[in-house]
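First up is the structure itself, then whatever we jot down about it.
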Amino acid sequence: MMVSRRLSLCQTLCKMKWFLNNLLVIGLGGVGSHAASMLLRSGVGRLLLVDFDQVSLSSLNRHAVAARDDVGIPKALCLQKHFSLIFPECQIEARVQLFDESTEEEILSGQPDFVLDCIDNIDTKVALLAACVRRGLRVLSAMGAGARADPTRIRIADLRESTNDPLSRSVRYRLRKDYGISSGIPTVFSLEKPKVKLLPFKSPSGEEENPSDYQIVPGFRVRIIPVMGTIPAIFGQVMASYVLTQLSGLPVHTEPVVNLDLDHYLVLHQRLLEHEELVYGSTTQVLVDVEEVMYVVKELWHGRSARDQSEKEVGRKMWRSVNELMLVRWDKAKPAGVSNLILLKFKEVDEHESTTVDAIKENEPEFYNMVTQVLRRAEKDFAL
C-alpha cells in the first residue's frame with residue numbers, strides 16, 4: 001500500500017505545472033525556511049536557496065526544519081540536508097552568500113520563475129527588489145513578521161497597500177527614493193501593529209552590551225525582535241501558496257486592503273438608490289443590499305473607480321476617495337445586481353450613462369475586457 005501511494009504521488013507531481021519550475025528563496029530564517037519547505041513538499045522541481053547566515057539556538061523556535069545539531073551550520077546547507085531526505089528528486093542548490101551588487105548576476109542570472117524575498121535587512125531587501133524589477137523577474141516580498149501574534153491579520157497586497165508595518169514603510173521609501181519604484185511588487189504583511197518593541201542587548205548579568213559585537217556582516221543592523229514562531233511560519237506558508245497558485249495558472253483572489261467602515265457602504269448604497277430613482281424613475285431594479293454593496297465595492301473594485309484600478313490609495317486617501325464615488329449599472333439594459341455594477345467617480349458617471357456597453361467594447365476593448373472579467377467573478381461567486 002505504501003509503495004502504491006508513493007507512485008501515485010510521483011505521478012501526480014509530474015502532472016503539476018510547478019514540478020518543472022525553478023524557484024529562488026533568499027533569506028532562510030523563520031519565513032523563508034517555511035516557504036521553501038512547502039514549495040519542496042508541493043513538488044517544485046528546482047530550488048535555489050540563498051542565505052549568508054547560520055542556524056542559531058534562538059532561531060529554533062521558528063525554523064521549519066533545523067534541529068539542535070544544526071546550530072552553527074549555514075542555513076542554506078541545513079535546508080539542503082533536510083530537504084534531500086524529504087524529496088530527493090528536487091534539484092536543490094544551496095549558496096552561502098549575501099545578496100548585493102557583487103553577487104546579483106550570479107544569483108539572479110538563472111532566470112528563476114519566481115523569487116521569494118524573505119530578507120529582513122532593509123538595504124539587501126531593497127537591492128533585491130530593485131534588481132528583480134529591473135530584470136523583469138516575478139517576486140513576492142515578505143515584510144515584518146516579528147512582534148505580532150494575530151494570524152488573521154496577514155494579507156497579500158501590493159507594496160503600496162501594505163500598512164501598519166514599519167519594514168514596509170522603510171522599503172517603500174527607499175525604493176521610491178533610490179529607484180523610482182512605488183508599486184507593482186506583491187507583498188505579504190500583517191495589518192496588526194507590532195505588539196512589543198525591540199529588546200535591549202544585555203548580558204546574562206544584566207549589563208548593556210554593544211550590538212556591533214554580534215554582527216556577522218559589517219553594516220547589518222543587529223536587533224532582538226520578540227518573535228512568536230507561528231507567525232513567520234504562516235507568512236512562509238502564505239508565500240508558498242501564492243507562488244504555487246500563480247505558477248499553476250489558478251491565482252486566488254486575495255482579500256483587498258480597503259479601509260472603509262459600514263457607514264461608507266451605507267452611503268454608497270443610498271447613492272445607488274438615489275441614482276436609480278433619478279435615471280430610471282424607480283428603485284425596483286436595485287437587487288443589492290448593503291452587504292452586497294460591500295462585496296461589490298471591496299472585493300470587485302477594491303474601493304477604487306473601475307477606470308482607476310491602477311491607483312492604490314490607502315488610509316486617509318482611500319476614505320477621501322469614497323466621497324467622490326458611486327455605483328452605477330454597467331449594462332443599462334440589465335438590473336442593478338452584483339454582476340452589473342461598477343464603481344465610478346462622480347465626474348465619470350455622466351459619460352458612462354451617455355454611452356453603451358457595445359460602444360465601450362468597440363472603442364475601449366481593454367477596459368471592456370477588464371470589467372467583463374471582474375463581473376464574471378461576481379457571477380461565479382454568487383452562482384448566477
Side-chain angles (χ1 to χ4, degrees), residues 24-40 47-86 92-100 103 107 116-125 127-128 141-149 166-167 170 188 190 194-237 239-240:
L24 166 60
V25 184
I26 303 185
L28 304 173
V31 176
S33 65
H34 281 275
S37 177
M38 286 314 304
L39 291 173
L40 175 93
L47 279 174
L48 172 56
L49 308 173
V50 179
D51 198 311
F52 71 93
D53 202 1
Q54 299 174 347
V55 176
S56 65
L57 189 63
S58 63
S59 68
L60 295 182
N61 75 317
R62 55 190 179 274
H63 202 274
V65 297
R68 183 65 70 92
D69 290 343
D70 295 313
V71 172
I73 296 175
K75 292 177 180 178
L77 299 181
C78 170
L79 285 182
Q80 184 181 46
K81 178 185 73 172
H82 288 279
F83 285 3
S84 64
L85 299 175
I86 298 170
I92 303 170
E93 183 179 355
R95 294 186 182 176
V96 184
Q97 280 182 308
L98 171 68
F99 180 88
D100 58 21
T103 59
I107 293 174
L116 285 78
D117 160 39
C118 305
I119 300 169
D120 60 5
N121 176 267
I122 294 175
D123 292 341
T124 311
K125 194 176 200 71
L128 172 63
S141 182
M143 295 300 152
R148 291 162 173 90
L167 181 57
S170 299
V188 178
S190 175
K195 297 281 186 192
V196 292
K197 298 180 180 180
L198 301 183
L199 298 178
F201 279 87
K202 291 186 177 181
S203 66
S205 64
E207 295 181 359
E208 292 284 344
E209 294 189 324
N210 186 357
S212 62
D213 293 340
Y214 293 86
Q215 286 181 335
I216 298 176
V217 175
F220 263 56
R221 290 189 303 166
V222 180
R223 304 163 296 171
I224 301 179
I225 304 177
V227 179
M228 179 178 287
T230 55
I231 301 302
I234 296 172
F235 265 62
Q237 302 279 343
M239 295 185 80

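As a basis for the values below, the full set of heavy atoms in this structure was taken, side chains included, without hydrogen atoms, waters or symmetry mates. Quick caveat: nothing in here was measured; it's all calculated off a predicted structure.
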Taking Q237 for the side chain and M38 for the main chain, is one N or O donor matched with an acceptor at less than 3.5 Å?
-> no
Audit row: L128, I107, side-chain contact (heavy atoms from CB on, under 4.5 Å) steps and yes/no | CA-CA 10 Å; L128 172 63; I107 293 174; over 6 Å; no
Work out which heavy atom in S33 is nearest to a heavy atom in G29; give both atom names and the distance.
-> OG-O, 2.6 Å
Over all heavy atoms of both residues, which pair between V31 and A145 is shortest? Give the atoms and the distance, please.
-> CG2-CB, 4.2 Å
Find out whether L167 and K125 are in side-chain contact, i.e. whether some heavy atom of one side chain is under 4.5 Å from a heavy atom of the other.
-> yes
Look up atom CZ in R95 and atom CG in D51, then write down how far apart they are to the nearest 0.5 Å.
-> 13.5 Å
Do L39 and L116 have side-chain heavy atoms sitting under 4.5 Å apart?
-> yes
To the nearest 0.5 angstrom, please state how far the CG atom of L28 sits from the OG atom of S37.
-> 11.5 Å
Given side chains that start at C-beta, do those of S190 and F235 come closer than 4.5 Å, heavy atoms only?
-> yes
Option passing side chain to side chain contact (heavy atoms under 4.5 Å, CB included) with V25 (candidates L79, L49, D117) = L49
Output yes when a side-chain donor or acceptor of H34 lies under 3.5 Å from a complementary backbone atom of R62, and no otherwise.
-> yes
Which atom pairs, donor and acceptor, lie under 3.5 Å between side-chain atoms of residues 67-78 and protein residues at least two apart or in another chain?
from: D70; atom 1: OD1; to: K81; atom 2: NZ; distance (Å): 2.4
from: D70; atom 1: OD2; to: A67; atom 2: N; distance (Å): 2.8
from: D70; atom 1: OD2; to: H82; atom 2: NE2; distance (Å): 2.8

Taking all non-hydrogen atoms of both residues, which atom of I92 and which atom of Q80 are closest, and how far apart?
-> O-NE2, 3.2 Å
Sub-3.5 Å donor-acceptor pair from the side chain of D100 to the main-chain atoms of T103, do we have one?
-> yes
Taken to the nearest 0.5 Å, the spacing of I26 CD1 from I119 CD1 works out to 5.0 Å
Give the minimum heavy-atom separation between A66 and V55, together with the two atoms involved.
-> CB-CG1, 3.8 Å
Side chain T124, main chain D120, donor-acceptor under 3.5 Å = no
What pair of heavy atoms forms the shortest contact from G27 to C118, and how long is it?
-> O-CB, 3.2 Å
